[in-house]
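Dropping the structure in here first, questions after.
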There are 2 protein chains.
Amino acid sequence: MRLTRDQVLARALDLLDEVGIEQLTMRRLASALGVQNGATYWHFASKQALLEAMAEAMLAGVADGLDPVRPWPERLAELARRLRRALLSRRDGARIFAGTFFPEPNALAYGEAAIGILRGAGLSARDATWAVDTLTYYVVGHTIEEQAAARLPDGGGPAVARLAGALDPGRHPNLLAALDHIPAPHPEEHFAYGLELLLAGLRAKADGK
Amino acid sequence: MRLTRDQVLARALDLLDEVGIEQLTMRRLASALGVQNGATYWHFASKQALLEAMAEAMLAGVADGLDPVRPWPERLAELARRLRRALLSRRDGARIFAGTFFPEPNALAYGEAAIGILRGAGLSARDATWAVDTLTYYVVGHTIEEQAAARLPDGGGPAVARLAGALDPGRHPNLLAALDHIPAPHPEEHFAYGLELLLAGLRAKADGK
DNA sequence: ACCTGAACACCGTTCAAGT
DNA sequence: ACCTGAACACCGTTCAAGT
């Protein structure tokens with residue numbers, strides 16, 4: 001039976017979970033589909049086009065059914081948590097998302113909802129847009145690190161040991177004090193902390209106008 | 001004359017400026033140095049090791065001589081601006097930095113200074129560490145986008161047009177209102193806005209304790 | 001319409017052998 | 001100590017030709 005675009009996309013997402021972004025090649029995908037190298041290029045013009053479609057697929061429903069009666073900071077926090085969860089739904093999902101640019105429906109729905117929430121809170125179109133950019137950099141940056149840390153050998157122990165070994169008590173007292181708080185073991189709390197920081201800043205902006 | 005490690009590194013940074021991260025290959029670097037493919041591997045164990053050294057080189061002096069008498073929000077803002085400038089100093093500098101993990105001296109000095117400033121403001125070691133993570137995700141995320149936007153054809157006009165074409169006035173009223181505020185033309189203001197947002201959040205945290 | 005087969009123009013990395 | 005020459009094991013992409 002012939003392939004469909006959706007079958008190629010679904011296989012690509014499963015292959016991503018299996019092997020990660022680094023090993024996700026058009027040749028391995030073709031092999032997983034049982035076709036020759038060139039075959040996938042009939043369904044997607046390029047690897048980049050496939051990656052865009054994968055990112056878009058991960059974002060399905062990210063902005064759907066946000067409760068309109070809750071206060072705006074809660075709605076925005078919910079949207080940020082949903083974006084994080086969408087990116088976490090696939091291995092290296094955050095890196096896939098970060099590498100795409102094209103305005104697809106689900107990505108647009110996220111931006112539309114986020115900007116709408118902040119304009120509703122009283123921010124200008126400019127401030128709302130730039131604040132959403134800030135929030136999105138945070139969610140994506142955090143989630144990239146989170147997914148990278150989750151793949152570190154032995155729960156990140158060797159990496160922390162390497163960092164500890166590079167520290168000099170005289171030069172790096174603050175980093176030494178911070179060693180207990182390396183994010184890897186507490187991604188949920190770590191994410192919530194930065195999100196709350198941004199919301200505190202936004203509340204100050206919204207109240208000040 | 002034989003190559004030194006520093007010569008390889010300097011050539012790699014210049015080649016990065018010339019061709020960008022996508023075209024920066026070990027083969028082109030060897031060719032630019034007038035040696036065979038394998039030669040650079042005597043000086044750097046892998047491409048990744050070279051990229052780490054490049055990131056570290058860009059961060060030279062990033063935390064030096066911060067005025068200790070200025071208020072902590074100004075010191076932290078200054079440090080964030082310096083990190084951005086360091087990443088902007090080379091084409092795709094932010095992407096190079098984002099791809100590295102090893103604790104080298106200049107990167108450590110940045111983290112040490114940033115955490116120190118926030119602990120001095122009264123934050124716990126945990127809060128200071130996580131807040132610096134948030135700030136750093138922001139600076140890096142912003143600068144990656146900024147450098148990508150700067151390389152877009154025709155000042156990003158076609159990309160904005162493509163976005164505009166994907167918008168539906170009924171579905172995307174807020175994105176339409178936001179179209180005038182696409183970051184590309186105003187990176188300085190855009191960066192300052194998000195930075196101020198984070199500082200407002202941090203002031204609230206610092207005052208609240 | 002959809003895929004094969006084969007090629008093109010590359011990659012990072014390794015390593016025996018040279019100097 | 002430092003580099004050459006050559007190979008190994010891959011890449012993304014294209015496209016005439018098949019069905």
Side-chain angles (χ1 to χ4, degrees), chain A residues 1-57 91-92 95-102 148 151 153, chain B residues 1-57 91-92 95-102 148 151 153:
Chain A
M1 204 192 94
R2 286 161 132 79
L3 291 174
T4 65
R5 191 189 141 98
D6 280 355
Q7 282 170 347
V8 175
L9 177 57
R11 269 282 195 216
L13 288 164
D14 289 345
L15 185 59
L16 176 64
D17 276 341
E18 284 168 41
V19 303
I21 191 172
E22 227 87 48
Q23 311 298 329
L24 179 71
T25 70
M26 296 303 275
R27 285 161 187 272
R28 287 186 80 146
L29 175 58
S31 167
L33 287 163
V35 295
Q36 297 297 312
N37 295 329
T40 53
Y41 284 85
W42 200 90
H43 300 279
F44 291 94
S46 65
K47 185 178 186 179
Q48 184 59 33
L50 174 62
L51 293 172
E52 311 256 5
M54 292 170 72
E56 173 68 4
R91 166 136 62 137
D92 296 326
R95 282 178 68 186
I96 299 278
F97 177 80
T100 66
F101 310 95
F102 198 80
R151 289 278 156 188
Chain B
M1 203 193 96
R2 284 162 134 79
L3 290 175
T4 66
R5 190 189 141 99
D6 279 356
Q7 282 170 346
V8 175
L9 177 56
R11 270 282 195 216
L13 287 164
D14 289 346
L15 186 58
L16 177 64
D17 276 341
E18 284 169 39
V19 303
I21 191 172
E22 226 87 47
Q23 311 298 328
L24 179 72
T25 70
M26 296 302 274
R27 286 161 186 270
R28 288 187 79 147
L29 175 58
S31 167
L33 286 162
V35 295
Q36 296 297 313
N37 295 329
T40 53
Y41 284 85
W42 200 92
H43 300 278
F44 292 93
S46 64
K47 184 177 187 180
Q48 184 60 32
L50 174 62
L51 294 172
E52 311 255 4
M54 292 171 72
E56 173 68 3
R91 166 137 60 138
D92 296 326
R95 282 178 67 184
I96 299 278
F97 177 81
T100 67
F101 312 94
F102 198 80
R151 289 279 156 188

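Below, read A as the first sequence line, B as the second, and so on, with proteins coming before strands; counting in each chain starts at 1.
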If you measure from CZ on A/R27 to NZ on A/K47, what distance do you get to the nearest 0.5 Å? 11.0 Å
Check step by step if side chain to side chain contact (heavy atoms under 4.5 Å, CB included) holds for A/R151 and A/R91. CA-CA 9 Å; A/R151 289 278 156 188; A/R91 166 136 62 137; 3.2 Å; yes
Residue among A/D92, A/D17, A/L13, A/L15 satisfying side chain to side chain contact (heavy atoms under 4.5 Å, CB included) with A/L24: A/L15
Donor-acceptor contact present, side-chain A/E52 to main-chain A/T100, <3.5 Å: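 No: the side chain of A/E52 does not pair with the backbone of A/T100.
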Is there a side-chain contact between B/H43 and the phosphate of D/dA1, meaning an N or O under 4.0 Å from OP1 or OP2? no
Side-chain heavy atoms of A/L50 within contact of A/M26, under 4.5 Å: yes
Quick check: does any side chain N or O of B/Q7 sit under 3.5 Å from a backbone N or O of B/T4, one acting as donor and the other as acceptor? yes
Can you check the distance between C/dA9 and D/dA9, where both ends of the measurement are the P atom (answer in whole Å)? 23 Å
Tell me: CZ of A/R5 to P of C/dA1, nearest whole Å? 17 Å
Once each nucleotide of nucleotides 11-19 of chain D is scored for protein heavy atoms under 4.0 Å, what B/S/- sequence comes out, 5' to 3'? BBBB-----
Treating a pair as Watson-Crick (purine N1 to pyrimidine N3 plus N6-O4 or O6-N4) or G-U wobble (N1-O2 and O6-N3) with both distances under 3.5 Å, list the stems of 3 or more consecutive pairs that involve DNA chain D.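 Correct response: C:4-8 with D:12-16, C:12-16 with D:4-8.
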Salt-bridge test for B/R95 and B/E22: reply yes if a basic N is under 4.0 Å from a carboxylate O, no otherwise. yes
If only side-chain N and O atoms of B/Q36 are considered, is one of them under 4.0 Å from the OP1 or OP2 phosphate oxygen of D/dG5? yes
Excluding sequence neighbours, so at least two apart, what forms side chain to side chain contact (heavy atoms under 4.5 Å, CB included) with B/A39? B/V35
